[in-house]
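Just follow the structure's listing: the first ligand is 1, and inside any ligand the first atom is 1.
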Amino acid sequence: MGSEKQHLRDLPSVDRVLRETPHLSGHWGHERVAAAIRSTLEEVRTNKDEFAASGKSELLDQVVSMVTSRLEQEAGSSLVSVFNLTGTVLHTNLGRASLPQAALDRVRAVAGTPVNLEYNLDTGKRGDRDDHVENLICELCGVEAATVVNNNAAAVLLVLNTLARGLEVPVSRGELVEIGGSFRIPEIMQGSGCILVEVGTTNRTHLRDYRNAINDRTALLLKVHASNYEIRGFIHSVAETDLAELAHQHGLPLFIDLGSGNLVDFPAFNLPDEPTVAQTLKYGADVVSFSGDKLLGGPQCGIIAGKRELITRMKNNPLKRALRVDKMTLAALSEVLRLYQNPAQLAQELPTLKALTRSPDDIRVQAERLAPVIAEVLTPRYEVSVSECHSQVGSGALPVDTLASYGLRISAVDGSDEAIRLLAESMRRLPVPVIGRINKGAYFLDLRCLDREEDFVAQLGTLGSE
Ligand SMILES: *Cc1c(COP(=O)(O)O)cnc(C)c1O
């Protein structure tokens, strides 16, 4: 009791710590330092047992060092680079696609200076920000016009709000999908102001279902790519060509929400077949929309491509202003699209395609190289082995197709879940956090996306020291 009182009396006052730390106030400002000192003293009081052995001056030193790290921690960005070893290449929670070098350079070049974003350098008049990417999109997708918004959810919202506000849109019950919890077709349709007319059933929808739903309040026909799931068995959906023909017989446009939307022939890269944006448009769609940061491998954005007359109406919709992208997104997107002009180089240059096309052999060799390195750090508590696994494309692209891969399976010698949980936690606390997955009582690192191997290895030492 007496020693506790003694100890609390030894705790320096806020003023005392402030006098000790003029360099901190000079750097961070008096108010912030004072606040950090108050929080630190509070922390010491709460955990006073941990400081019981410290003498007065030692306690002061401890407080100063705690205040310093608190200030540094508060100042650090919470958004940091991580290693995505989850096995999901396009991981929405981990920011989806990583940009290619050319895009990074372009972003850097435009971010810190004024740019001709909406300024035509030839005429000296106002320009359209879409001009920086529209021709490229048209060339790569074989369309007349295109516009870019914040993401594909915004793209769907803008298309429907422009073409169908206050009007009816028939959609197959098999396509009323939810993507990642926050994007649900029925809700986005409601938000856009159009009226959803459900047609067909969950597993089977026929052309006649659409035909019966069309009336003079119908605005367009909508087809949604069932991105993140597949129904098997007794199923039927209407082919794009038939849907396009029906829409056009009634003078209606066909809008297809492609979700991922890829611009290259996937089988040529040994990847599962998925129609390209250009193919979908050839089937007769008048407008398509797709994400910039899914299979395309670019920045977060939503691309709307199609008939000029329809795209012009979208550009003139006041909502476009609220959904538009900034100069950095356009800079990154234009460079990514330029890479698509030379498909032969694409798998080397575009990180997403590079990761998706990595050969299992290449990944296995890497796993065999890294297993002993990690084993050395984690011995004797854990055992490391090289193991086959399957990566996923992610972000709802190709939901049922997986890619053969290799990884490191790390199991706890004592077999406890607690040891695995602790390992996952210390991996997340590394300077560049490592995100793996826990699977069947083991910690698993799929190495498909490990491209900064030296950096990964260099920081493993800190893991052992915990
Ligand atoms: C992913 C996806 C969306 C949403 O796209 P974001 O770019 O994430 O906004 C919409 N529709 C489909 C079919 C999708 O797969």
Side-chain angles (χ1 to χ4, degrees), residues 88-99 133 137 146-161 163-164 169 171-192 194 196 202 205 220-231 237 240 243 254-263 266 272 274-277 279-281 283 285 287-306 314 319-320 322-326 329-330 332-333 336-337 352 392-401:
T88 300
V89 177
L90 293 166
H91 199 302
T92 298
N93 301 149
L94 302 181
R96 292 191 186 160
S98 303
L99 293 177
V133 289
I137 298 170
T147 186
V148 181
V149 288
N150 183 53
N151 54 19
N152 189 33
V156 175
L157 186 74
L158 183 62
V159 173
L160 293 176
N161 180 270
L163 305 181
V169 177
V171 187
S172 164
R173 289 195 170 89
E175 296 171 7
L176 296 175
V177 296
E178 169 179 304
I179 289 145
S182 50
F183 178 89
R184 302 172 115 194
I185 286 289
E187 286 164 17
I188 213 98
M189 291 183 77
Q190 196 179 23
S192 76
C194 73
L196 164 64
T202 306
T205 299
L220 53 81
L221 295 187
L222 165 62
K223 189 169 177 67
V224 182
H225 193 282
S227 293
N228 47 4
Y229 75 106
E230 190 180 82
I231 301 181
S237 63
E240 282 86 347
L243 212 49
L254 170 63
F255 165 38
I256 302 184
D257 169 12
L258 281 171
S260 218
N262 58 310
L263 300 183
F266 266 25
E274 175 86 342
T276 62
V277 175
Q279 274 157 2
T280 306
L281 287 153
Y283 293 150
V287 182
V288 297
S289 75
F290 52 99
S291 294
D293 55 354
K294 292 186 181 174
L295 285 175
L296 188 73
Q300 178 192 303
C301 62
I303 297 171
I304 308 171
M314 292 174 216
L319 253 191
K320 168 76 203 298
L323 304 173
R324 73 186 186 185
V325 292
D326 73 332
T329 301
L330 287 168
L333 180 62
V336 168
L337 293 172
T352 298
Q392 290 187 323
V393 178
S395 288
L398 310 170
V400 277
D401 299 293

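No donor-acceptor distance shorter than 3.5 angstrom exists from the side chain of Glu175 to the backbone of His225, with no hydrogens or angles considered. Remark: the backbone N or O of Asp293 is not paired with any side-chain donor or acceptor of Ser291 at under 3.5 angstrom. Remark: side-chain polar atoms of Thr276 are paired, donor with acceptor, to backbone N or O of Gln279 under 3.5 angstrom.
Contact annotation: Val156 has no heavy atom less than 4.0 Å from any atom of ligand 1. Using a 4.0 angstrom heavy-atom cutoff, Arg96 counts as in contact with ligand 1.
Ile188 and Leu157 get closest at one heavy-atom pair: O-CD1, 3.8 Å. In this structure, Leu160 and Met189 approach most closely via the heavy-atom pair CD1-CG, 3.7 Å. Taking both residues in full, the closest heavy atoms of Ser289 and Asp257 are given as OG-OD1, 3.6 Å, listed atom of the first, atom of the second, then distance.
Of all the heavy atoms of Gln300, none lies under 4.0 Å from any atom of ligand 1, so neither backbone nor side chain is involved. For Arg184, no heavy-atom contact with ligand 1 is shorter than 4.0 Å.
Leu295 CG to Leu90 CG: the interatomic distance, rounded to the nearest 0.5 Å, is 6.0 Å.
One option in Gly302, Gly259, Ser291, Gly292 has a heavy atom closer to atom 7 (O) of ligand 1 than any other, and that option is Ser291.
Checked by distance only, ligand 1 and Lys294 come closer than 3.5 Å through their nitrogen or oxygen atoms.
Ligand-side atoms of ligand 1 in range of His225: 13 (C), range being under 4.0 angstrom from any heavy atom. Remark: ligand 1 atoms within the under-4.0 Å shell around heavy atoms of Phe183 are 10 (C), 11 (N). Near Ala153, meaning under 4.0 Å from one of its heavy atoms, ligand 1 places the atoms 4 (C), 5 (O), 6 (P), 9 (O).
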